[in-house]
Amino acid sequence: MTSLITINNALCRVGRHKSLKVEKLEIKQGQHWCFFGPNGSGKSLLANLLAGRRIESGNYVHYSNGFEPRRDLHIVSFEEQQRLWERDNRLDISDYTDSATDKGTSVLDLIKDSRPVKDEDQSLLDDLTEQLCLGPYLDKGIRFLSSGQVRRVLIARALYAFQPSSAQILVLDDPLESIDIGSQRTIRDAISEFLKEDFSSIQLCRRPSDILPGITHMAVMKELKIIEHGSIESVETKEAYLHFLAHKPTLPNNIPEKMISKHVAKEREPLIEMLDVKASYGEIQIFKGFSWSMMPSHHVLIEGPNGCGKSTLLSLIDGENHKAYGQNVTLFGCKKGSGETIWDLKSKFGVVSNELHNKYIKGWRVLDVVVSGFFDSIGLYDDSGAKEKEMAAEWLSFFGIESLVKNYYHEVSFGQQRLVLLARAMVKKPKILILDEPCVGLDDYHRQLILGVLDLIGKQTHTRLIYVSHVKEEKPSCINSRLSFVPDDGGGYRIVTSSD
């Protein structure tokens, strides 16, 4: 087999105190690798080093003759998804058009741009459109698609870039993450068509259940090192891999009394009440005629496939969506639009979401991020007192990450960042904690830890949970009420309420 990429004795600095170390790694044509490890183990960093996206790549990474990473290596990742969204939003000209709309980059244009016009392959494009169920979205702008739908588009884009005249490597950064079960099956089937001898791939994976069929080799990573690598059959029998599977979190028994709000909601007064509510974007009806009450005894699961309208419903609840005004929406006994400010509403909600996760850029220390929850700000701009800092430190200690208090947020692992955001949401003792797919991007250890902690919050505090998920039965056990998006006979979705 032809060696496409080789790394020798690489040292790649991460932040101020850590470095990725790779003694030797060789990727050959026709091999399909899985870089496997927990949050913060260095998988994405290693992939960027291989792709020539690190300044150290020139010193340690060697490519075969004729292999050009910019042309022949294709990455599908959350970062790429975010970059494309940000670019489209930056170029949005809606305010300068008569129709007040700007579709932005269409799905079809994004896919076709991955290869030169002279090399267009309509047959391949048609096959990918069918395999990944993209037909209804080809003319839509990517900014109007759900995260899961955009993932399918990016996979089609990467596969369409395939050039049989030169060696190709596809890098998939957790391609099944944040994807509903139906779309996961679609993606697995489409990718498996390309995992052949004349094509190579690298999957970054943190959960055994997400390893794609067709993987031939595995590198197990821990603390920015490759601790085992070789054929997948041999690595899966080694201690390094088996130890990772056996690693389970230790949960605290109780939440300290001083961290629990003394406010108790009136038993028969709804926290949230919606009567005949509807939501749409342009001519697209998201849902209509929806009526629902969330009582103080409820912990609610909102479930449904990618793109069904879960996030839209959330934004009507927490005040982020202006479409709630003029409709019959009552929050905490006060009808929406009756004089409350957005900050009045924010003070009653704690939020953990991928959108919030992505807003915290470099420069904020972990303690600052948690304290900012008192002010509902991104970052800390107000003077905080000893009381706020003490409560923030208490929640960090409760989650077992008190040692990170002085670290910069961008330097801690993804799983630790998610715990920091949960601490940020809880410091103000919110009436409702909104969790928009909080386990996305987490390894099994941190998923179990987050779900276990949420159960404690649901059972031992007066904070009620609204938990959004598309993953079947991935929820805290305290959930006792459901809002399920199901396909409607007339197109779109309707919301069905039920009790657990």
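For the pair Asp174 and Arg206, the salt-bridge criterion is met [side-chain N within less than 4.0 Å of a carboxylate O]. Contact check on Lys225 versus Glu223 returns no salt bridge, with no Lys/Arg side-chain nitrogen under 4.0 Å from an Asp/Glu carboxylate oxygen. Using a 4.0 Å cut-off between a side-chain N of Lys or Arg and a carboxylate O of Asp or Glu, Glu411 and Arg13 do not qualify as a salt bridge. The residues Glu80 and Arg157 are annotated as salt-bridged, a charged nitrogen and a carboxylate oxygen being separated by less than 4.0 angstrom.
Between the side chain of Ser19 and the backbone N or O of Leu11, no donor-acceptor pair lies under 3.5 Å. At distances below 3.5 Å, not a single donor-acceptor pair connects side-chain atoms of Lys310 with backbone N or O atoms of Ser469. Remark: side-chain polar atoms of Asp368 are not paired, donor with acceptor, to backbone N or O of Trp364 under 3.5 angstrom. Not a single donor-acceptor pair under 3.5 Å links the side chain of Ser201 to the backbone N or O of His32. With Asp72 contributing its side chain and Phe67 its backbone, the two residues share no donor-acceptor pair below 3.5 Å. The closest donor-acceptor contact from the side chain of Gln203 to the backbone of Leu212 lies under 3.5 Å. With Arg207 contributing its side chain and Asp443 its backbone, the two residues share no donor-acceptor pair below 3.5 Å. Not one N or O on the side chain of Gln448 forms a donor-acceptor pair closer than 3.5 Å with the backbone of Tyr445. Lys43 contributes a side-chain N or O that, together with a main-chain N or O of Pro38, makes up a donor-acceptor pair within less than 3.5 Å. Checking side-chain atoms of Arg418 against main-chain N and O of Pro438 turns up a donor-acceptor pair under 3.5 Å.
For the residue pair Arg152 / Thr186, no side-chain donor-acceptor distance below 3.5 Å is found, with atom types taken as modelled. For the residue pair Thr216/Gln31, the side-chain donor-acceptor check at 3.5 Å is not satisfied. Ser315 and Thr312 share no donor-acceptor pair across their side chains, judged by distance under 3.5 Å alone. In this model, a donor atom of one side chain and an acceptor atom of the other lie less than 3.5 Å apart for Asp126 and Gln122. A side-chain N or O of Asp109 and one of Ser106 form a donor-acceptor pair less than 3.5 Å apart.
Of all the heavy atoms in Leu154 and Val76, the pair that sits closest is O-CG2, 3.6 Å. The shortest heavy-atom contact between Leu145 and Val107 is CD1-CG2, 3.5 Å. Minimum interatomic distance between Gly441 and Asn39 (heavy atoms only, all atoms of both residues): O-ND2, 2.8 Å. Here the shortest heavy-atom pairing between Arg71 and Gly66 reads NH2-O, 2.8 Å. Scanning all heavy atoms of the two residues, the minimum distance from Leu50 to Val61 falls at O-CG1, 4.1 Å.
Within the structure, the ring-ring contact (aromatic ring centres under 6.0 Å, His included) test picks out no pair touching residues 114-137 (sequence neighbours left out).
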TODO: Could you give me the CA-CA distance, side-chain angles and deciding distance for Ser234 and Ser231, then say whether side-chain hydrogen bond (donor to acceptor under 3.5 Å, both in side chains) is met?
DONE: CA-CA 5 Å; Ser234 65; Ser231 70; 3.0 Å; yes
Open item on the list: Working note: Lys475 + Glu437, criterion salt bridge (charged side-chain N to carboxylate O under 4.0 Å, His left out); need CA distance, chi angles, decisive distance, verdict.
Closed with: CA-CA 10 Å; Lys475 60 183 179 63; Glu437 300 191 7; over 6 Å; no
Task: Working for salt bridge (charged side-chain N to carboxylate O under 4.0 Å, His left out), residues Glu56 and Arg54 - done: CA-CA 5 Å; Glu56 301 94 339; Arg54 296 284 305 188; 3.2 Å; yes
Open item on the list: Could you walk me through whether Asn354 and His357 satisfy the side-chain hydrogen bond (donor to acceptor under 3.5 Å, both in side chains) test, starting with their C-alpha distance in whole Å, then the side-chain angles of each, then the deciding distance to 0.1 Å, before giving a yes or no?
Closed with: CA-CA 5 Å; Asn354 290 304; His357 198 138; 5.2 Å; no
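Residues Tyr493 and Phe287 keep their aromatic ring centres 6.0 Å or farther apart.
Figure legend: Arg115 and Tyr160 shown as a cation-pi pair, the cationic atom lying under 6.0 angstrom from the six-membered ring centre and within 45 degrees of its axis.
When the side-chain contact (heavy atoms from CB on, under 4.5 Å) test is applied to Pro136, no partner is found at least two apart in sequence or on another chain.
Under the 4.5 Å side-chain criterion, counting only non-hydrogen atoms from C-beta, Asp173 is not in contact with Ile75.
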